J.: 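Mind having a look at this structure? Questions to follow.
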Number of protein chains: 2
Amino acid sequence: MRDNELSDIRQLPLFRSMSNENYATLTRAAYDQTFPAQVQLFEEASGADFLHIVMDGAVELFAGWQDRETTLEVIRPVTTFILAACITDSPYLMSARTLEKTRIIMMPTVDVRTVFDKDPAFALAAMTELSACYRRIIRHAKDIKLRNARERVAAYLLRTAPAEPTNASFVLPLEKRLLASFIGMTPESLSRAMRSLQELGVKVEGQRITIANRAALESLAHPSWLIDGPDLQNSQTRGP
Amino acid sequence: MRDNELSDIRQLPLFRSMSNENYATLTRAAYDQTFPAQVQLFEEASGADFLHIVMDGAVELFAGWQDRETTLEVIRPVTTFILAACITDSPYLMSARTLEKTRIIMMPTVDVRTVFDKDPAFALAAMTELSACYRRIIRHAKDIKLRNARERVAAYLLRTAPAEPTNASFVLPLEKRLLASFIGMTPESLSRAMRSLQELGVKVEGQRITIANRAALESLAHPSWLIDGPDLQNSQTRGP
DNA sequence: CGAACCCTTGACAGAAATCAACTAAGGTGG
DNA sequence: CCACCTTAGTTGATTTCTGTCAAGGGTTCG
């Protein structure tokens with residue numbers, strides 16, 4: 001890897017506090033590759049040989065069953081993914097594909113485990129990272145199990161919209177068909193849900209969304225910090 | 001805590017390989033309590049003050065939103081829970097209640113974090129444990145998002161049924177209303193789903209289930225190691 | 001015995017998926 | 001530059017699935 005990339009990664013919470021020596025071990029055998037869009041990086045059930053880090057672009061983590069498929073997560077820079085499979089040396093439970101042109105650092109899992117064993121700072125950072133992943137997917141499960149389709153769309157819009165200015169418009173960071181898969185519905189249902197939200201002051205112009213009446217949307221979605229995550233400002237509802 | 005309990009816990013993967021000294025630190029301030037059924041141990045959004053370990057009985061992890069509620073997990077002995085909230089010192093994302101008379105060890109999270117920082121063996125064990133939790137909830141999300149209600153019930157029966165003898169009967173480890181909540185449906189829907197599975201050779205007599213035709217059930221549920229977990233023997237379907 | 005509570009069943013309503021058709025936008029190649 | 005093709009998105013009609021509401025049976029337990 002080139003030096004400037006090295007320093008980029010070095011700043012990540014996962015690597016920030018570890019020793020230089022161990023960091024060198026990790027990066028020595030790492031690959032840095034740029035993939036075009038729609039490339040499958042790995043397939044569920046295959047062995048976890050690398051810890052992946054998205055430096056640029058976007059990666060979809062998805063899973064299939066029979067002829068169905070669902071998106072579990074979309075990874076954006078700068079973030080690691082599949083840490084859990086790495087640590088336990090287990091097969092992936094999800095497949096990964098690039099959504100756009102994407103640059104990825106791949107570190108051999110053997111190195112990750114080696115360094116994990118001898119660098120307490122890295123161990124702590126890895127644990128923190130994995131805890132965050134765990135809590136994210138718990139939230140996702142709650143979103144799916146507790147809210148209906150329309151409520152999920154409303155909540156997604158609220159947590160995706162910029163906090164300031166309050167009623168600003170923004171562009172969906174995901175293709176609608178992908179968003180539909182992520183929040184557990186068909187593209188048709190998403191389209192209809194968005195349409196129905198127009199009566200609550202949501203304007204939809206292609207990828208651009210304008211929330212004219214945040215309060216109305218909130219009274220439907222009841223955004224909660226316990227489901228929508230810490231990034232969402234308007235999360236008064238802390239209790240059930 | 002009494003000595004015999006200490007040795008019980010000591011055998012857990014999480015504590016097995018750590019030093020005696022650090023183990024002593026962890027257990028010194030730990031509580032050992034036995035609760036009756038239907039006691040709420042903690043509520044989502046509250047601070048994670050203790051790492052919990054179920055020694056006996058069963059604990060439900062659930063979450064509420066508006067007037068709805070869903071079960072995320074049922075913990076049975078001997079297992080820890082809410083490690084992630086412990087490590088990150090964040091509020092719980094789930095509430096917990098006992099399902100029956102339950103004995104629980106509670107270790108102050110401050111001690112857990114202290115020991116985590118200085119005992120690499122414990123750090124590794126904790127990471128392994130958390131990875132397993134992460135992968136379990138990923139599987140749960142896949143189950144919910146990829147299968148419909150009837151398929152989820154069929155898959156649950158297959159993964160709960162003893163592997164040998166093939167067509168033995170068994171008793172559901174969960175109340176049906178709880179099972180329904182766990183696999184994301186209403187009790188009424190579960191009841192109907194079970195009824196409809198009778199034509200596939202499933203006998204339902206109260207809590208006792210008999211699978212007369214495993215193959216028929218499998219052709220509906222398509223059990224997969226990637227969703228139903230490593231405990232399920234009949235998980236040929238490794239690919240999508 | 002009565003009071004809960006779990007489970008089941010039936011009737012119904014509502015939600016969401018499916019199937020199909022159509023539009024619009026973007027890219028390709030003649 | 002335009003015709004063509006592909007694909008995302010939308011819309012409508014319809015079916016399927018699932019939740020809701022209501023009632024009744026059975027069990028447990030005080």
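Computed from a predicted structure; not experimentally measured. Any value given below was found using the heavy atoms of this structure, including those in side chains, with hydrogens, waters and symmetry copies removed. Order of the sequence lines sets the chain letters (A, B, ...), proteins ahead of strands, with each chain counted from 1.
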J.: Could you give the CG-to-C1' distance, from A/L190 to C/dA15, as a whole number of Å?
T.: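 In whole Å, C/dA15 C1' and A/L190 CG are 15 Å from each other.
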J.: Name the residue closer to the 5' end of DNA chain D, choosing between B/R152 and A/G206 according to the nucleotide with the nearest heavy atom.
T.: A/G206
J.: Centroid separation under 6.0 Å, is that true for the rings of A/F42 and A/F50?
T.: no
J.: Indicate the ring-plane relationship of B/H140 and B/F182, choosing parallel, tilted or perpendicular according to the 30° and 60° boundaries.
T.: parallel
J.: State which of C/dA17, C/dC6, D/dT10 makes the closest approach to the side chain of A/M185.
T.: C/dA17
J.: C/dC7 phosphate, OP1 or OP2: any side-chain N/O from B/S191 under 4.0 angstrom?
T.: no
J.: Within the structure, does a side-chain N or O atom of B/Q207 lie under 4.0 Å from either OP1 or OP2 of C/dC6?
T.: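 No, outside the criterion.
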J.: Just how far, in rounded Å, is C1' of C/dT8 from CG of B/L179?
T.: 15 Å
J.: Give the rounded distance in Å between these two atoms: CG of B/L172 and P of C/dC6.
T.: 15 Å
J.: Taking atom types as they are modelled, is there a donor-acceptor pair under 3.5 Å from the base of D/dC21 to the side chain of B/E188?
T.: yes
J.: Using heavy-atom distances to pick each residue's nearest nucleotide on DNA chain C, tell me which of B/K176 and A/G184 is more 5'.
T.: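 Of the two residues, B/K176 wins.
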J.: Taking all non-hydrogen atoms of both residues into account, name the closest pair between A/W65 and B/A221 and its distance.
T.: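 Here A/W65 and B/A221 meet closest at CZ2-O, 2.9 Å.
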J.: Identify whether the distance between the nearest side-chain nitrogen and carboxylate oxygen of A/E199 and A/R150 falls below 4.0 Å.
T.: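 A salt bridge links A/E199 with A/R150.
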J.: Does B/R68 make a side-chain donor-acceptor contact with the base of D/dG19, cut-off 3.5 Å?
T.: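 No such pair is found, so the answer is no.
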J.: Can you name the one residue among B/D56, B/T34, B/D32 that meets side-chain hydrogen bond (donor to acceptor under 3.5 Å, both in side chains) with B/R103?
T.: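 Output: one option passes, namely B/D32.
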J.: Quick one: label B/R192 by what it contacts on the DNA or RNA (base, sugar-phosphate, nothing), any heavy atom closer than 4.0 Å.
T.: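 Counting heavy atoms under 4.0 Å across all strands, the contact made by B/R192 includes a base.
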J.: Could you please name the option among D/dG9, C/dA15, C/dC7 that lies closest to any side-chain atom of A/N148?
T.: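 The closest nucleotide is C/dA15.
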J.: In whole angstroms, how far is the C1' atom of C/dC7 from the CG atom of B/L178?
T.: 14 Å
J.: Using atom CD of B/E175 as one end and atom P of D/dT27 as the other, report the distance to the nearest whole Å.
T.: 16 Å
J.: Counting only side-chain nitrogens and oxygens, does A/S189 get under 4.0 Å of the OP1 or OP2 atom of C/dA16?
T.: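 Result: no.
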J.: Write down the distance between CE (B/M194) and P (C/dC6), rounded to a whole number of angstrom.
T.: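 Atom CE in B/M194 sits about 16 Å away from atom P in C/dC6.
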J.: How many Å lie between CD1 on B/I183 and P on D/dG19, as a whole number?
T.: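 The distance from CD1 of B/I183 to P of D/dG19 comes to 10 Å, rounded to the nearest Å.
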J.: Atom CZ of A/R147 and atom P of D/dG19: how far apart are they, to the nearest Å?
T.: 18 Å
J.: Is any side-chain nitrogen or oxygen of B/R177 closer than 4.0 Å to OP1 or OP2 of C/dC5?
T.: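 Answer is no, no contact under 4.0 Å.
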J.: Does A/R195 have a side-chain nitrogen or oxygen under 4.0 Å from the phosphate oxygens OP1 or OP2 of D/dT10?
T.: no
